[in-house]
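Chain letters run A, B, ... following the sequence lines, proteins first, then strands; residues in each count from 1.
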Protein chains: 2
Amino acid sequence: MPRPSLKDQRSDEILDAYLTCVARFGLEGATQERIAAEAGVKRPLLRHYLGNRGQMITALCDHVVLVFDRMTDGADAVLKEAQSYEEVIGLLFAEDIDHDPRLLVAWQALAVSVGDQPDQRDALLNSLERFLQALTRTFQRLSPNRSMEKTRAVAQGVMAILVNLDSLSILSPPQAWRNELRDGAAILLASLEGEG
Amino acid sequence: MPRPSLKDQRSDEILDAYLTCVARFGLEGATQERIAAEAGVKRPLLRHYLGNRGQMITALCDHVVLVFDRMTDGADAVLKEAQSYEEVIGLLFAEDIDHDPRLLVAWQALAVSVGDQPDQRDALLNSLERFLQALTRTFQRLSPNRSMEKTRAVAQGVMAILVNLDSLSILSPPQAWRNELRDGAAILLASLEGEG
DNA sequence: TTATTTTTTGTCATAATTGACAATTTATCA
DNA sequence: TGATAAATTGTCAATTATGACAAAAAATAA
């Protein structure tokens, strides 16, 4: 007899608008007015669905980690098919890739402001570690004879380059930079090739 | 006859406090109250020395670029003495290096919020380009036979790893990550070694 | 000491942001 | 249709942030 609940759907919509605002204005710049406008709802609804400001930040953190993990799973599935490092580079640096540019920006904004809350700190670090392990698994499969240490180091380097590319994209850097960063990742991967 | 002006000194002190607050709370979270408290002055002084909010942001952007360039010059001077890539790695990743952890965090906070103002955008990008060129010069000196393309790509990769390390440091990641990132940079540099 | 300029502080008005809650509307089922 | 529970909206108080300006304090040279 009750009206059907839209809690999950609306919460997701609002969190997505929140994510957009944080990526554009920073965490403190993402006011409830802006979020509500972005989501196309009235401000009191934010409170209704997500709670007060602190609870909203916690919910956003969970949401970012969730989306990040989904992205990792997607990348992992695609990387499983790759048969060469050229293919890996092509997949990771594809221009037309379905890749959310807001994600890492919001990730970093959260990192600076929740660094003191252990739970959220660990959640953010874990989401990175998951992605790192996805990369590492693929590299190990393509170069099974390499030491774990070297494989991890290369994976860290590739991830750093990917993160850097995302951070820079806000400033729309020259295309040459993008190419150079991709080539840098390719050089790193090439170090895993060849015999033992 | 007039009282001696402290404008330059006070402005620098306030900008430094501003930098601290932006690194800790984000650009929008760096309120005048917090800045004044951090600088140990009363709030109206901020306005007196730096102007209104918009002018303060502009001044901060200039200050960050200035400090960044000073850091680049310092790194450049040190790198000039390096005779091997092991030395380069040791210098860039020294634990005890005199290196301001606020700098890149504030750089990124500014990047997301001034992305639309062309002047500040270019200033921020130029400061990165300057550091990139400092790295590139050293790598070219140590490996004069390498192509410019490869040298730049390696420099971009190393810079990405350094930036990433700074961004992560807020979350105090496991020491293993730091080591892996440093090893990743070392692997990149090793690709410049050897003949032709 | 006095004039001059700057620093520094005090204070008020306005706008922005958030918290809280009442009231209304809407959709479902009995 | 009427009851029920949820969604949605309206509104106000409290807190916070900013802008603006007047006034006091301090330092130097004449």
Side-chain angles (χ1 to χ4, degrees), chain A residues 1-61 63 106 109-110 112-114 117 120, chain B residues 1-61 63 106 109-110 112-114 117 120:
Chain A
M1 61 258 310
R3 178 174 179 174
S5 176
L6 299 181
K7 195 169 180 57
D8 290 355
Q9 177 189 345
R10 275 278 180 280
S11 297
D12 267 13
E13 291 172 2
I14 293 174
L15 284 171
D16 197 65
Y18 197 1
L19 180 57
T20 298
C21 289
V22 168
R24 192 178 307 163
F25 304 110
L27 188 65
E28 311 289 328
T31 66
Q32 294 185 358
E33 282 298 340
R34 283 171 168 164
I35 299 167
E38 178 71 28
V41 300
K42 300 293 180 181
R43 187 174 71 81
L45 271 199
L46 307 188
R47 178 176 188 75
H48 179 67
Y49 285 111
L50 299 184
N52 62 23
R53 184 181 156 78
Q55 295 167 321
M56 282 182 67
I57 294 180
T58 299
L60 177 66
C61 194
H63 185 250
L110 282 170
V112 308
S113 290
V114 307
Q117 274 147 355
Q120 307 186 7
Chain B
M1 60 260 306
R3 179 173 178 175
S5 176
L6 299 181
K7 194 169 181 57
D8 289 355
Q9 177 189 345
R10 276 279 181 279
S11 297
D12 266 13
E13 290 173 2
I14 294 175
L15 283 172
D16 198 64
Y18 197 1
L19 180 57
T20 298
C21 290
V22 168
R24 192 178 307 163
F25 305 110
L27 188 64
E28 311 289 328
T31 67
Q32 294 186 358
E33 282 298 340
R34 282 172 168 164
I35 300 167
E38 177 72 27
V41 301
K42 301 293 181 181
R43 187 174 69 83
L45 271 199
L46 308 188
R47 178 176 187 75
H48 178 68
Y49 285 111
L50 299 184
N52 63 21
R53 185 181 156 78
Q55 294 166 321
M56 282 181 66
I57 294 180
T58 300
L60 177 65
C61 193
H63 186 249
L110 283 169
V112 308
S113 291
V114 307
Q117 274 146 356
Q120 307 188 7

Undergrad: Please report, rounded to the nearest Å, how far the C1' atom of dG10(D) is from the CD atom of Glu33(A).
TA: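 Answer to the nearest Å: 13 Å.
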Undergrad: How long is the line joining CE of Met56(B) and C1' of dA20(D), in whole Å?
TA: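 Met56(B) atom CE is separated from dA20(D) atom C1' by 16 Å.
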Undergrad: Between C1' on dT6(C) and NZ on Lys7(B), what's the gap in Å once rounded to a whole number?
TA: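 The answer, rounded to whole Å, is 10 Å.
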Undergrad: Would you say Arg34(B) and Arg24(B) make side-chain contact, with heavy atoms under 4.5 Å?
TA: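 They are not in contact (no side-chain heavy atoms under 4.5 Å apart), so the answer is no.
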Undergrad: Is the closest side-chain heavy-atom distance between Leu110(B) and Ile57(B) below 4.5 Å?
TA: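 Yes, at least one pair of side-chain atoms sits under 4.5 Å.
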Undergrad: What integer distance in Å separates Glu28(B):CD from dA16(C):P?
TA: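 For the pair Glu28(B) CD and dA16(C) P, the rounded distance is 14 Å.
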Undergrad: Report the distance from atom CG of Leu46(A) to atom P of dT17(C), rounded to the nearest whole Å.
TA: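 These atoms are roughly 13 Å apart.
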Undergrad: Test salt bridge (Lys or Arg N to Asp or Glu O under 4.0 Å) on Glu28(A) and Arg53(A) and set out the steps.
TA: CA-CA 11 Å; Glu28(A) 311 289 328; Arg53(A) 184 181 156 78; 2.9 Å; yes
Undergrad: Which residue, Thr31(A) or Pro44(A), contacts DNA chain C at a nucleotide closer to its 5' end, judged by nearest heavy atom?
TA: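 First, find each residue's nearest nucleotide; the 5'-ward one identifies Thr31(A).
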Undergrad: Any side-chain N or O of Arg47(B) below 4.0 angstrom from OP1/OP2 of dA20(D)?
TA: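 So the side-chain polar atoms of Arg47(B) do come within 4.0 Å of the phosphate oxygens OP1 or OP2 of dA20(D), strictly under.
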Undergrad: Measure CG/Leu50(A) against C1'/dG19(C) and give the value in whole Å, please.
TA: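 To the nearest whole Å, that distance equals 15 Å.
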Undergrad: With a 4.0 Å cutoff (strictly under), does any side-chain N or O of Arg43(B) reach OP1 or OP2 of dT8(C)?
TA: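 Checking Arg43(B) against dT8(C): no side-chain N or O falls below 4.0 Å of OP1 or OP2.
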Undergrad: From dG10(D), dT8(C), dA7(D), pick the nucleotide closest to the side chain of Leu6(B)?
TA: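 The closest nucleotide is dT8(C).
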Undergrad: Would you please confirm or rule out a distance under 4.0 Å between OP1 or OP2 of dG19(D) and any side-chain N or O of Gln32(B)?
TA: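 Affirmative; the distance criterion is met.
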Undergrad: Using a 4.5 Å cut-off on heavy atoms from C-beta on, say whether the side chain of Phe25(A) contacts that of Thr20(A).
TA: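 The answer is no; the side chains never approach within 4.5 Å.
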Undergrad: Determine: side-chain N/O of Tyr49(B) to OP1/OP2 of dT8(C), distance under 4.0 Å, yes or no.
TA: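 True: Tyr49(B) side-chain N/O within range (under 4.0 Å) of dT8(C) OP1/OP2.
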Undergrad: Does dT7(C) have OP1 or OP2 sitting under 4.0 Å from an N or O in the side chain of His48(B)?
TA: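 Result: yes.
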Undergrad: In whole angstrom, what separates Leu45(A)'s CG from dT26(C)'s C1'?
TA: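 The answer, rounded to whole Å, is 13 Å.
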Undergrad: Can you tell me how far P of dA7(D) sits from CG of Asp8(A), to the nearest Å?
TA: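 So the CG-P distance, Asp8(A) to dA7(D), works out to 10 Å.
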Undergrad: Would you mind telling me which residue lines up with the more 5' stretch of DNA chain D, Asn52(B) or Gly40(A), judged by nearest nucleotide?
TA: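 The residue whose closest nucleotide sits nearer the 5' end is Gly40(A).
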Undergrad: Answer yes or no: does atom CD of Gln117(A) have more than 12 heavy-atom neighbours from other residues, nucleotides or ligands under 6.0 Å?
TA: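 Yes, enclosed.
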